[in-house]
Student: 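Structure in structure tokens, see below.
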There are 2 protein chains.
Amino acid sequence: MEYASCSTCLLKSKAVKSLGENELHILGQGCVQTVFKKGETIIKQGALSSNIIYLQTGLVKLMIDGSHRTQILRMKKAPCYLGLPTTMGDKINHYSAVALKKTTACFVDINVFKELLKISPEFSYEIIVELCKNELEQFNRYVRLVQNQIYGRLATNLLYFSNEIYLSDEFKLPLNRTELADLVCTSRETISRQLTELAEEKIIDIDGKHLRIVNKSLLEEISKKG
Amino acid sequence: MEYASCSTCLLKSKAVKSLGENELHILGQGCVQTVFKKGETIIKQGALSSNIIYLQTGLVKLMIDGSHRTQILRMKKAPCYLGLPTTMGDKINHYSAVALKKTTACFVDINVFKELLKISPEFSYEIIVELCKNELEQFNRYVRLVQNQIYGRLATNLLYFSNEIYLSDEFKLPLNRTELADLVCTSRETISRQLTELAEEKIIDIDGKHLRIVNKSLLEEISKKG
DNA sequence: AAAAAGGTGTGATTAATATCACAAAATCCA
DNA sequence: TGGATTTTGTGATATTAATCACACCTTTTT
């Protein structure tokens with residue numbers, strides 16, 4: 001069947017399960033699945049895009065190469081959609097997406113995607129909810145990033161890893177110190193000093209990239225209050 | 001007819017025009033129109049919410065009262081939707097919305113709203129596009145806010161007024177110096193000094209709240225490079 | 001009109017963070 | 001294994017912006 005690759009890639013999405021054979025056929029015709037190794041680029045900033053990307057498995061970092069510094073915007077963990085705002089907006093990718101580990105991505109043509117929205121109210125509702133949750137999550141984090149000083153920004157991002165990405169108080173940082181600085185928008189030296197300080201205060205335990213949050217409520221305090 | 005208030009409030013929305021009489025009837029049953037004076041609160045941070053708000057006319061500021069400082073997040077100009085991410089997410093308003101001038105708002109019950117999404121693909125498509133544009137616009141601004149220093153942050157926000165709110169290079173600032181500081185996340189004194197500096201560099205002309213952008217390309221340069 | 005309250009500008013001082021310079025540690029690779 | 005390369009930590013210094021203090025101006029209130 002022509003929609004074989006699609007039933008592989010999208011059936012994990014609850015809403016897609018509700019699609020009938022006809023809809024799956026439409027989807028299948030505009031759908032390509034690709035596997036990316038760690039470090040490979042899935043979306044390239046500045047490139048024209050006509051695809052929504054459904055991430056089946058894996059973890060990516062979204063980043064912007066600005067005129068005076070590189071910024072890491074956030075992680076995205078499968079399963080999720082990528083590129084929705086960009087593709088619905090002005091068609092040019094505003095960020096790059098790079099795999100942090102082996103990642104399987106499914107490229108769905110935007111026109112096929114629009115067709116599906118019209119055919120399946122379930123599907124469009126799922127997309128809206130995902131977008132809303134996403135906007136809210138990102139918004140809250142960015143509000144804190146802007147209003148906080150570095151110590152608070154770092155706390156916010158460590159909690160982000162713990163609560164949104166790894167769902168655990170103990171994990172291996174997916175970024176080195178320079179990349180962590182690019183996420184927090186500060187310098188590598190400052191990150192290094194602040195991590196040491198958080199460890200001295202017995203709020204975290206850190207050994208290289210291995211990190212454990214010891215006093216989560218205090219870390220939340222710092223994230224909130226600056 | 002029972003949906004009179006609704007045909008008043010929502011018919012300006014292109015997608016709603018495509019709704020039939022039955023759908024309008026559903027909408028009308030969950031729709032209340034209210035007029036707010038300058039300074040009045042439309043949405044209250046922390047309150048439970050079960051409404052999507054359609055702003056018919058006017059201008060509002062969205063703000064967060066944080067634990068250690070107040071932040072003004074952005075303006076929203078009619079016509080637009082308010083509270084979509086919050087209401088679809090965890091039901092509690094993450095921000096307050098305060099009218100900056102006389103504003104007409106239409107409260108649509110979230111369940112009615114969900115019904116409409118299912119009934120009208122046109123309607124849900126319009127919502128998704130609005131959300132996407134919004135997320136993109138906010139995201140780009142916040143990325144710059146985080147990575148820039150104050151001079152660049154101020155430039156970014158003046159451009160935001162010019163390009164997104166007033167669609168003109170000359171306008172009356174809707175905020176006083178303290179509020180401007182809350183938007184840029186800095187202190188009143190710093191805002192005052194930086195505005196003077198921008199004027200000395202002949203990039204803007206400022207007299208009280210009346211502002212004119214003289215050298216827009218240079219302002220964009222500053223917004224991009226920090 | 002006088003008094004009170006709020007908004008704005010500016011100098012002096014302090015605190016936070018970036019930058020520079022270099023050493024130590026970890027990782028890669030032939 | 002040993003040398004090369006990359007990553008990380010840390011002191012010294014420079015820069016940026018917050019804070020404090022106060023004067024001046026505008027608007028509101030009585």
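Labels below follow one simple rule: chain letters A, B, ... track the order of the sequence lines, proteins then strands, and each chain is numbered from 1. When reading the values below, keep in mind they use all heavy atoms of this one structure, side chains included, and skip hydrogens, waters and symmetry mates.
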Student: Once ring pair (Phe, Tyr, Trp, His ring centres under 6.0 Å) is applied, do any residues pair with A:Phe113, and if so which ones, sequence neighbours excluded?
Tutor: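 Expected list: A:Phe123.
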Student: Find the bend of the helix from C:dA1-D:dT30 to C:dA30-D:dT1 as the angle between its two terminal axes (five pairs each), to the nearest 10°.
Tutor: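 Answer for the end axes of this duplex: 40°.
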Student: How far does CG of A:Leu218 sit from CD1 of A:Ile203, to the nearest 0.5 angstrom?
Tutor: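 Reported to 0.5 Å precision, the distance equals 4.0 Å.
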Student: Restricting to ring pair (Phe, Tyr, Trp, His ring centres under 6.0 Å), what partner residues turn up for A:Tyr160, sequence neighbours left out?
Tutor: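 Partners of A:Tyr160 under the ring pair (Phe, Tyr, Trp, His ring centres under 6.0 Å) test: none.
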Student: Does B:Glu179 have any salt bridge (charged side-chain N to carboxylate O under 4.0 Å, His left out) partners at least two apart in sequence or in another chain, and if so, which?
Tutor: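 Partners of B:Glu179 under the salt bridge (charged side-chain N to carboxylate O under 4.0 Å, His left out) test: B:Lys61.
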Student: Distance from B:Asn157 atom CG to B:Ile165 atom CD1, nearest 0.5 Å?
Tutor: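 Reported to 0.5 Å precision, the distance equals 10.0 Å.
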Student: Could you state the CG-P distance from B:Leu195 to C:dT8, rounded to the nearest angstrom?
Tutor: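 Rounded to whole Å, this separation is 10 Å.
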Student: Can you list everything that forms a salt bridge (charged side-chain N to carboxylate O under 4.0 Å, His left out) with A:Glu130? Sequence neighbours excluded, please.
Tutor: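 Listed in chain order: A:Lys76.
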Student: I'd like to check the ring pair (Phe, Tyr, Trp, His ring centres under 6.0 Å) partners of A:Tyr166; sequence neighbours left out, ordered by chain and number.
Tutor: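 By the ring pair (Phe, Tyr, Trp, His ring centres under 6.0 Å) rule, A:Tyr166 matches A:Phe171.
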Student: Expressed as a whole number of angstroms, how long is the span from B:Asn148:CG to C:dT17:C1'?
Tutor: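 From B:Asn148 CG to C:dT17 C1': 16 Å.
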Student: Does the C:dT19 base have a donor-acceptor partner in the side chain of A:Arg193 within less than 3.5 Å?
Tutor: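 For A:Arg193, whose side chain was compared with the base of C:dT19, there is a donor-acceptor pair (under 3.5 Å).
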Student: Heavy-atom count check: over 12 atoms from other residues, nucleotides or ligands less than 6.0 Å from A:Lys38 NZ?
Tutor: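 Not more than 12 within 6.0 Å, no.
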Student: Could you list the residues that satisfy salt bridge (charged side-chain N to carboxylate O under 4.0 Å, His left out) with A:Asp65, not counting sequence neighbours?
Tutor: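 By the salt bridge (charged side-chain N to carboxylate O under 4.0 Å, His left out) rule, A:Asp65 matches no residue at all.
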Student: So which heavy atom on A:Arg188 is nearest to which on A:Thr178, and how close?
Tutor: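 Smallest interatomic distance, heavy atoms only, reads CD-OG1, 3.5 Å.
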Student: May I ask you to list the residues of residues 171-190 of chain A, by number, that have any heavy atom positioned under 4.0 Å from an atom of DNA chain C?
Tutor: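 The stretch gives A:Thr186, A:Ser187, A:Glu189, A:Thr190 as the residues lying under 4.0 Å from the strand, ordered by number.
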Student: Heavy-atom contacts under 4.0 Å between residues 196-204 of chain B and DNA chain D, which residues?
Tutor: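 None, since no heavy atom is under 4.0 Å.
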Student: Got a sec, which residues hit side-chain hydrogen bond (donor to acceptor under 3.5 Å, both in side chains) with A:Gln71, two or more places apart in sequence or on another chain?
Tutor: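 So A:Gln71 forms a side-chain hydrogen bond (donor to acceptor under 3.5 Å, both in side chains) with A:Tyr142, B:Gln147.
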Student: Going by the rule side chain to side chain contact (heavy atoms under 4.5 Å, CB included), which residues pair with A:Gln194 if we only count those two or more places apart in sequence or in a different chain?
Tutor: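 Applying side chain to side chain contact (heavy atoms under 4.5 Å, CB included) to A:Gln194 gives A:Ile150, A:Tyr151, A:Leu154, A:Thr190, A:Glu197.
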Student: Do the side-chain N and O atoms of B:Thr57 and B:Thr104 include a donor-acceptor pair separated by under 3.5 angstrom?
Tutor: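 There is such a pair between these side chains.
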Student: Measure all distances between protein nitrogen or oxygen atoms and nitrogen or oxygen atoms of nucleotides 13-16 of chain D, and list the pairs falling under 3.5 Å.
Tutor:
from, atom 1, to, atom 2, distance (Å)
D:dT16, O3', B:Gln149, NE2, 3.2

